[in-house]
Every structure is written in structure tokens, then in C-alpha cells.
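Everything on this sheet refers to the single structure shown next.
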Amino acid sequence: MLEVEAAASVPDGVVAVGVPVLAGTAAEEGEGHSPFGWIVPPDAVHGASGEAVRGLLPDSPVEQWLQEQGFSAGKGTSLVLRAASGPPSVVLLGLGTLVGADLDRWRLAAAALVRAAGEARGAAALLVPDEPPGGDLASVAAAIAEGASLASYRFDAYRSAPKPGCVGRLVVVGRGDWASGLRHGAATARATAFARDLVNTPASDMTPRDLAERVRERLSGLDGTSVEVWDQDRIAAERLGGLLAVARGSGEPPRLVRATYTPCGSRDRGDVPHVVLVGKGITFDSGGLSLKPADGMMTMKTDMSGAAIVLSVVSACAELGVGVKVTAIAPMTENMPGGRAQKPGDVLTARNGATIEVLNTDAEGRLVLADGLALAAELSPDAIIDVATLTGAQVIALGKGFAALLGNDDALMDSLQAAGVRAGERLWPLPLPDDYRDHIDSEIADMKNIGKPREAGTIAAAMLLARFVDGVPWAHLDIAGPARSEESSGYVSKGATAFGVRALLDYLTHHPGAGG
Ligand code: BES
Ligand code: MN
Ligand code: ZN
């Protein structure tokens with residue numbers, strides 16, 4: 001993973017220097033002046049690298065020169081200038097306009113720098129101003145560390161010859177206390193990369209048993225955490241009927257992982273808020289007997305993203321010393337069409353005693369989440385948040401750029417949405433109207449596991465989940481679309497995105513009851 005550090009001047013020998021550029025705002029927008037150009041004056045850059053930077057930039061009016069280069073400075077844009085005599089190259093990094101709080105501009109700028117440096121090894125430097133636009137210094141520092149680290153993410157475990165890498169170090173050059181924000185961002189990025197690794201690993205190498213083991217390993221060295229893994233017998237003894245029903249079609253036994261982080265000093269005093277995260281952990285979703293077509297199955301190792309995300313968040317909470325108690329519950333199983341598989345029309349009894357008629361075995365996520373949410377509610381926490389690649393309908397409604405946000409508590413949902421904005425993970429609310437309850441009415445059981453044909457599939461799924469939270473404030477993130485990317489760009493790489501890790505961590509670190 002990329003190393004990130006702060007320094008007062010550009011170290012010698014860097015291969016690339018990033019120079020942030022603000023875009024102009026049109027005068028008629030009433031923003032006053034048009035700040036198109038540098039926010040760190042190049043003559044403030046000293047040393048040998050400073051000379052190299054100045055040698056590539058003009059003396060002439062900056063605006064005009066930038067325009068001649070055809071550089072708009074739009075958010076996420078970049079332009080590489082190469083010195084005739086070799087490195088360092090200078091990378092102009094567009095920040096977009098000054099309007100509004102926006103941390104993502106810094107994630108994208110740092111990512112663009114890492115990508116522009118290409119396969120060059122060594123260090124890159126990023127010039128930063130004393131008062132960065134878009135957020136306070138600590139948040140901007142964290143965003144830079146996240147953007148750079150995540151852009152450098154590679155998953156090479158299955159290549160006989162790893163692809164060429166990228167710079168191994170980013171030096172953030174400025175005055176002020178950048179170091180602590182950078183450390184915070186690096187920890188967030190590490191948790192994200194851990195989750196991406198779990199999701200990108202092929203399903204046959206990431207069974208419920210493998211996943212539980214990897215999580216145990218990761219958390220074993222972290223202060224304030226504990227992990228419990230339930231095997232099939234324990235799951236049966238605990239009457240997790242949803243998880244057991246889905247697992248029946250697979251030769252692989254299910255697992256349920258419960259990981260807890262307790263803030264240092266608060267143990268047993270119960271004086272800090274408690275948030276329970278529940279993650280869908282279907283390590284492979286074939287659809288079961290309601291089998292998916294081949295194309296629909298290709299990416300279904302991704303169906304344990306929710307589990308990977310909530311468990312990674314626990315690890316990051318421990319690294320960051322978050323002030324909230326966090327429990328992650330991850331029911332894990334394959335969804336396969338084996339000879340003992342559940343059949344359409346079967347009825348199961350979930351942990352809380354409610355019965356579900358399973359009319360489509362491919363709507364399995366809600367069955368395992370029903371048990372997970374019931375367990376969460378038994379802990380009487382202050383909030384429950386579940387994360388799941390739950391419905392194809394979410395992708396239809398919102399595409400890959402937004403997760404759907406549903407729940408029973410407006411304040412919780414608003415906080416999560418605000419956290420998503422800061423984290424660069426957009427969540428968009430969908431309603432959970434009372435008069436849609438009949439969408440999941442069953443002929444013979446308390447409910448069925450599908451809604452009306454081709455109607456509000458994401459809402460119908462959440463409607464079922466709502467029946468298992470026992471009145472506890474609850475929010476549901478359907479990440480079916482954003483969990484996976486089909487291209488590498490910005491700080492996202494092709495494959496698993498671990499979408500949700502950053503929004504959840506932002507929510508937990510900004511939690512009002514978290515203290516200081
Ligand atoms: N894991 C899928 C949802 C999914 C689809 C995630 C595409 C990512 C990309 C889920 O288990 C599923 O199959 N849902 C069904 C439910 C339907 C049968 C009611 C769906 O959305 O088609
Ligand atoms: Mn499914
Ligand atoms: Zn699924």
C-alpha cells in the first residue's frame with residue numbers, strides 16, 4: 001500500500017510533483033473574483049525539485065497560459081508537463097471551482113497525481129495550500145491520503161507476473177499539521193483495500209469459512225476488538241432459519257461472524273453509543289434453484305460485499321480509536337442449487353419467529369439479513385445499519401453512482417446521507433411507505449420474499465427487512481450498483497469498490513455521542 005507523509009518542502013528525487021489548480025467561476029454566478037490558477041504559488045517551492053517545477057510553469061499570466069494548454073481545471077482533470085531533462089514531471093491537478101464544501105475534489109486530485117505518475121517507482125509530491133478549499137485541513141488531508149492510496153490499489157494475487165505498479169510514496173508538501181489527517185485517511189484506505197481484497201478473491205477461495213478466518217486474522221492484532229464465529233451447529237442452535245435455509249443448497253457450511261469494537265476506557269460502562277452494522281455475506285450467489293442466467297452470475301462473488309465492508313469498518317474503528325461502540329454481524333453462506341436446496345414455495349422461520357414463504361430462492365439476501373437484523377435488534381443498540389448488494393432493481397433505479405438508502409428513522413438517514421457526501425459515497429433515499437406493506441403479503445406465511453412483479457423491487461426488499469428490526473432506529477444501504485466498477489478511474493479500480501466503508505466510517509467518527 002502507498003505510504004503517505006507530510007513534509008515542509010519537496011524532497012529531492014521525486015518523480016512527479018502535483019500542482020493543484022482552481023477552476024474559474026463565471027462572474028455572473030456572483031462569486032466575485034475568478035480564481036482560475038494556482039493556489040500554491042510555484043515560487044514558494046524551494047530546492048532542486050522546486051526549480052524543476054518553476055522551469056515547467058510560465059512567468060506569463062497564469063490564466064492565459066493554462067487556457068493555451070487547453071486545461072480547464074475541472075474536478076478530477078489533470079495535465080502532465082514533462083521536463084526535457086527527465087523527472088520530475090509536473091502534474092496540473094484540476095480542483096474544480098471554489099463553490100461549496102467538497103472533499104472529493106482532493107481525493108480525485110490525489111488519485112489523478114498517482115495515475116499520472118504512471119508506472120514510475122519512487123515518490124510523488126503534492127503541493128497544498130495553508131487554507132485548502134473544500135474543507136478543513138484535517139479532512140482535506142484525509143481525503144488526499146484516501147484518494148492517493150485507493151488509486152494505487154491493485155489486486156494481483158492471481159497473476160503469475162504482477163502488473164507494473166505505481167509510485168510507492170506520496171509526500172504532501174505544505175505548512176500546518178497535515179500528518180494526523182493523512183494517518184486517518186491512510187487507515188480508511190487500508191480498511192477499504194482489505195474489503196476490496198476479500199471481495200475480489202474468487203468465490204471458491206473465499207467461502208464462508210475462508211472469509212471468517214481472514215477476518216479473525218485481521219482483527220486479532222487490533223486492540224479493543226473481539227471476534228466470534230458461529231459454525232453450522234451454533235447457527236442451528238440459535239435458530240437462524242433464514243441463513244440455514246439459504247445454506248442448504250451448498251456443500252459449504254455457513255458461518256456467522258460477530259465482531260465488536262469497544263472504545264478504550266468505556267468497557268462495561270455502557271456510556272457510549274452503540275451502533276450495530278449488519279452485512280450481507282453471500283460468498284457466491286448462483287440464485288439457488290431459481291438459478292441465474294450465466295451472465296448474471298459472472299460477478300456474484302461480489303455478493304459478500306456488505307459483510308466485507310462492515311467487518312473492515314470494525315478494523316478501521318479500532319485503528320482510528322473511534323468513540324462509538326460498533327458491532328458487526330455478518331451472516332455468510334453460498335446460495336447454491338444443491339440436492340438439498342430450499343425450494344420455491346418452502347416456508348422458513350427466522351430468528352425472531354416470523355415465517356417467510358420463499359417464492360424465489362434468488363431473493364436470498366433478505367433471508368440471511370432477516371436473521372442478522374433480528375440478532376442486531378436483540379442487542380438494543382442506538383442504531384442498526386445494514387449494507388447489502390440486495391437488488392438488481394437498485395441498479396435500475398440509481399445506476400452505479402448511488403446506493404439506495406431506506407430506513408425507519410429520518411435523523412439516522414440524514415446523518416448517513418451527509419456522511420456519504422463528505423466521504424464521496426453518494427446515498428439516495430427511497431421511501432418505505434406503509435401502504436406498500438401488502439407487496440410482501442403471503443398466501444400462507446407471515447410474508448413472502450418477493451414483491452409484486454416488476455414493481456419497486458428495492459423497496460419490497462427493504463419492506464421485509466423492516467420487519468426484523470423491532471423498532472430500533474435502522475437504515476439500509478442497497479449497494480448492488482456501486483459495489484462493483486467496470487473500469488478503473490479516479491480512486492476506484494475495476495472490480496470491488498468496497499463502497500460504504502468510507503461513508504460508515506465518516507458517520508461513526510462524526511457520531512454526536514462519540515465524545516472526543
Ligand atoms: N445479489 C442479487 C442482487 C444483485 C443483482 C446484486 C445484480 C448486484 C448486481 C440478489 O440476491 C438478487 O438476486 N436479487 C433478485 C431479487 C428478485 C429475485 C426478487 C433481483 O434483484 O433480481
Ligand atoms: Mn440472489
Ligand atoms: Zn444475492
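Every heavy atom of this structure was used, including side-chain atoms; hydrogens, water molecules and symmetry mates were not. Read the numbers this way: they start at 1 and go in the same order the structure lists the ligands and their atoms.
Ranking protein heavy atoms by distance to atom 19 (C) of ligand 1, first place goes to I450 CG2, 3.6 Å. Of the protein's non-hydrogen atoms, D285 OD2, 3.6 Å is the one closest to atom 2 (C) of ligand 1. For atom 16 (C) of ligand 1, the closest heavy atom belonging to the protein is R366 NH2, 3.7 Å. Closest to atom 17 (C) of ligand 1 among all protein heavy atoms lies A363 CB, 4.3 Å. Of the protein's non-hydrogen atoms, D362 O, 3.2 Å is the one closest to atom 12 (C) of ligand 1. Scanning the protein for heavy atoms near atom 1 (N) of ligand 1, the closest one is D303 OD1, 2.8 Å. The protein non-hydrogen atom at the shortest distance from atom 20 (C) of ligand 1 is G392 N, 3.8 Å.
Closer than 2.8 Å to the Zn ion (ligand 3) sit the protein N, O or S atoms K280 NZ, D285 OD2, D303 OD2, E364 OE2. Near the Mn ion (ligand 2), less than 2.8 Å away, sit the protein N, O or S atoms D285 OD2, D362 O, D362 OD1, E364 OE1.
Here K494 does not pair with E487 in a salt bridge; the nearest charged N to carboxylate O distance is not below 4.0 Å. Salt-bridge annotation for R159 and D156: present, with a side-chain N of the basic residue lying under 4.0 Å from a carboxylate O of the acidic one. Look at E213 and R209 and you find no salt bridge, because none of the NZ, NE, NH1 or NH2 atoms lies under 4.0 Å from a carboxylate O. Under 4.0 Å is where a charged nitrogen must lie from a carboxylate oxygen, and between D441 and K448 no such pair does.
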Take M463 and L406, measure what side-chain contact (heavy atoms from CB on, under 4.5 Å) needs, and give me the verdict at the end.
CA-CA 9 Å; M463 216 79 216; L406 302 96; over 6 Å; no
For salt bridge (Lys or Arg N to Asp or Glu O under 4.0 Å), just list the numbers for D102 and K75, CA-CA rounded to whole Å, side-chain angles, deciding distance to a tenth of an Å, and then say yes or no.
CA-CA 10 Å; D102 181 5; K75 186 162 83 170; 2.9 Å; yes
Could you walk me through whether E364 and R366 pass the salt bridge (Lys or Arg N to Asp or Glu O under 4.0 Å) check?
CA-CA 6 Å; E364 84 297 340; R366 61 201 78 181; over 6 Å; no
Let's go through D382 and H274 carefully: what are the C-alpha distance in whole Å and the side-chain angles of both, what is the deciding distance for side chain to side chain donor-acceptor pair (under 3.5 Å) to 0.1 Å, and is it a yes or a no?
CA-CA 5 Å; D382 297 284; H274 183 199; over 6 Å; no
Could you walk me through whether S139 and H184 pass the side-chain contact (heavy atoms from CB on, under 4.5 Å) check?
CA-CA 9 Å; S139 309; H184 194 290; over 6 Å; no
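Considering backbone and side-chain N/O atoms, T391 never comes within less than 3.5 Å of an N/O atom of ligand 1. In terms of N/O distances under 3.5 Å, ligand 1 is not approached by N360.
Contact annotation for M304 and ligand 1: no heavy atom of the residue comes within less than 4.0 Å of the ligand. Contacts of L390 with ligand 1, taken as heavy-atom pairs under 4.0 Å, involve the backbone alone.
Numbered from 1 in the order shown, with element, the atoms of ligand 1 that lie under 4.0 Å from a heavy atom of E364 read 11 (O). In the vicinity of K280, heavy-atom distances shorter than 4.0 Å reach the ligand 1 atoms 1 (N), 10 (C), 11 (O). Listed by number with element, the atoms of ligand 1 under 4.0 angstrom from any heavy atom of T389 are 1 (N), 2 (C), 3 (C), 6 (C).
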Can you list, pair by pair, the side-chain donor-acceptor contacts under 3.5 Å of residues 334-344, counting residues two or more places apart and other chains?
from, atom 1, to, atom 2, distance (Å)
E334, OE1, S250, OG, 2.7
N335, ND2, D285, OD1, 2.9
N335, ND2, T361, O, 3.2

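With no hydrogens or angles considered, no side-chain donor-acceptor pair links T389 and S305 at under 3.5 Å. Looking at D104 and Y491, their side chains do bring a donor and an acceptor atom within 3.5 Å of each other. With no hydrogens or angles considered, no side-chain donor-acceptor pair links Y158 and N200 at under 3.5 Å.
Within the 4.0 Å heavy-atom shell around ligand 1 one does not find R484. M300 counts as a contact of ligand 1, since one of its heavy atoms falls under 4.0 Å from the ligand.
Side-chain N or O atoms of S78 include none that pairs as donor or acceptor with a backbone N or O of L93 at under 3.5 Å. Counting only distance, with no hydrogens or angles, the side chain of D231 and the backbone of R255 share no donor-acceptor pair below 3.5 Å.
You'll find the side chain of P429 reaches within 4.5 Å of the side chain of Q417, heavy atoms only.
With sequence neighbours excluded, no residue forms a side-chain contact (heavy atoms from CB on, under 4.5 Å) with R454.
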